[in-house]
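Sequence lines set the chain letters: A, B, ... in the order given, protein chains first and strands last, and positions in each chain run from 1. Reckoned from all heavy atoms, side chains included, excluding hydrogens, waters and symmetry mates.
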Amino acid sequence: MSSAPVIEIQDLRKTYRVGQVDVPALRGVDLAVQPGEFLSIVGPSGSGKSTLFHIIGGLTPPTSGKVRIMDQDLASLSDAGRTRLRRRTVGFVFQKFNLLPNLTARDNIAVARYLGGGSQKADPQFDEILRLLGISQRLGHKPNALSGGEQQRIAIARAVVNRPAILLADEPTGNLDTANSKAVLEILRDLNQRTGQTILMITHNTEAAAYGHSTVHMRDGQIVQRTGA
Amino acid sequence: MIAKLVLENLKHRPVRSLLSVLLIAGPVTLILSLVGLTHGMSEDTQRRQRGAGADIVVRGSTASSALTFSGASVPEGLTGAIEKQPHVRMAMGVINHNVELPLVVTGIDMQAFNQFTGGFTYLAGHGLEADNDILLDRYVAQQKKAEVGSSVKVLNQMWHVAGIIETGKLVRMAVKLHILQELDAARGKVTQIYVKVDDPANIPTVVPELKALLPSYSVETMAELIAAFDFNRIQGVSAFTTVIVVLGVVFGLIVVCLSMYMAVLQRTREIGILKAIGAGKTFILEIILLEALVMGIGGTILGILMSYVAYGLIRALVPASLTIIIVTSWWPIVGGITMVGAALGSLYPGWNAASHDAIEALSYE
Ligand SMILES: Nc1ncnc2c1ncn2[C@@H]1O[C@H](COP(=O)(O)OP(=O)(O)OP(=O)(O)O)[C@@H](O)[C@H]1O
Ligand SMILES: [Mg+2]
């Protein structure tokens, strides 16, 4: 794959200000991600992995540096532009699932589809994904009636319902047991292989990291190593 | 989709939703009851004054306010002089004494009163015979739990209830004219003289004549007097109403604001999730506004229902002192006030929530 990268980051820095203290979270990150890539990101706690995702997803602005997502410069985007980015270009999966507790699984997915401007009509390709996720039978339930593994699969379905160019998964298996972790990881790999979904996944687990094509190692707000293809 | 989110939110926390609706309903009931009271009191007084069947009223010149039409400064003897005027058919003096505002006991001459007004409708008992006899209208009787033959204490005297009368004919409580005059140390004086003319068309000619005859007294047509009994036109009362309505609005506004603020705080995380999946500021703001409006509508409806409860209570407990009516024309007004309040009250927390950083929300445990 030699087409233009979906993500292109140069000398990205992010400093949080907590009271009077500056907390540097990212100190010069360079990264390029090709379309269809499945990239694992590992690193000790506090090394800035989540911060990197939040910037890519437009949830928080960078302090300095250049970030291009699908040939769009993040710095040039307004608040509305970043909202649009999250609607159509980037999908999030979190460690704590983050489903809306008041809504059924089906409605959780429907809200995301509505926000993405997608029609509420049948979508055979998405139905295929639901089958892949194995949750077609559980759509009528609210999150608290679903197991962790099921909730995470709903969250994945919600993240990809608008066919985002990039799927960002922040420790998607962090709250799951071994069997469910394996199921979720296999789903991500399937998704990547069958639909060419670009995936970035943060994990603490080296076994999980092995599902990706390559692994990026972070430490103290910098990428220190990239292994694999 | 927004409607669904709002509905599920409200359903998800039924206690908070109900509490908020109840808190909004409070000021609605307050305002409606107050409006019902001022309208009811005015109407009731006006109806009773009309029930006298008089055309013109002569009062002491100091009797400036319609509310405090107590005291006796008009010589009884003027009645005869007034009756000699052309076109005047009858004149009748009565004496009023405030008991417990707005209740008034009226001293009447039974015979003159019957001639002038056509007499009371007796629900029980008979007219004034003995000197310690008293007549009560049905609401006073109900409020004082009195019946014919029982004793009631009014003006520090024990009175014997001779009859219960239908309401709406000038008086709520009546005793003999000369008895009340003695009690008030006002022998030969009355509070006001009601005048009946032969033809309503002659009222405009009689009034100036009486004014010329009685330069130091106040001569008004019944229509003028009745208009003055409109509580909403009495300065102190309308100011009071305004204060209560404003208080109700401010209170309602604070309630909505706090309630929405609470709702937003409880939902910081959900708002963060919505933002992460692509909800913009407008979307979040719309959800919160709509939720506030739904609660505003609920609060208005509940407030209207509760005003019926207030109505029932007042009718059951103090029917004579307070007259309350349901003023439906105020429903849309109160509804509008509540809606504006709900919208304004939710705007700040809503805007706050919408501009909140999604990251903080998502890391919020
Ligand atoms: N909203 C914030 N405000 C202030 N400081 C923050 C905020 N988010 C993160 N940080 C700080 O930035 C640094 C990087 O945090 P980040 O969450 O990106 O690390 P991480 O690699 O995801 O860690 P973990 O593995 O524990 O999730 C940490 O020192 C953290 O305390
Ligand atoms: Mg993290």
Test: A/Lys14 cationic atom under 6.0 Å from A/Tyr16 six-membered ring centre, within 45° of axis: yes
Give the table of side-chain donor-acceptor pairs shorter than 3.5 Å for residues 304-315 of chain B, with sequence neighbours excluded, one pair per line with atom names and distance.
| unit_1 | atom_1 | unit_2 | atom_2 | d |
| --- | --- | --- | --- | --- |
| B/Ser307 | OG | B/Ile304 | O | 2.6 |
| B/Arg315 | NH2 | B/Ile324 | O | 3.2 |

Contact class of [X] relative to chain B, heavy atoms under 4.5 angstrom:
{"X": "A/Ala112", "value": "both"}
{"X": "A/Leu59", "value": "both"}
{"X": "A/Asp79", "value": "side chain"}
{"X": "A/Pro101", "value": "both"}
{"X": "A/Leu99", "value": "backbone"}

N/O donor-acceptor pair under 3.5 Å between A/Thr51 side chain and A/Ala25 backbone: no
A/Arg86 side chain vs A/Gly58 backbone, donor-acceptor pair below 3.5 Å: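 Answer holds: yes.
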Derivation and outcome, salt bridge (Lys or Arg N to Asp or Glu O under 4.0 Å), residues B/Glu8 and B/Arg13: CA-CA 9 Å; B/Glu8 295 297 335; B/Arg13 295 190 179 83; over 6 Å; no
Over 12 non-hydrogen atoms of neighbours within 6.0 angstrom of CZ in A/Arg84: no
A/Asp107/B/Lys4 ion pair, N-O < 4.0 Å: yes
Presence of salt bridge, B/Lys281 and B/Glu286, under 4.0 angstrom: no
Positions in residues 126-160 of chain A that reach chain B, provided some heavy atom is under 4.5 Å away: A/Lys142, A/Arg158
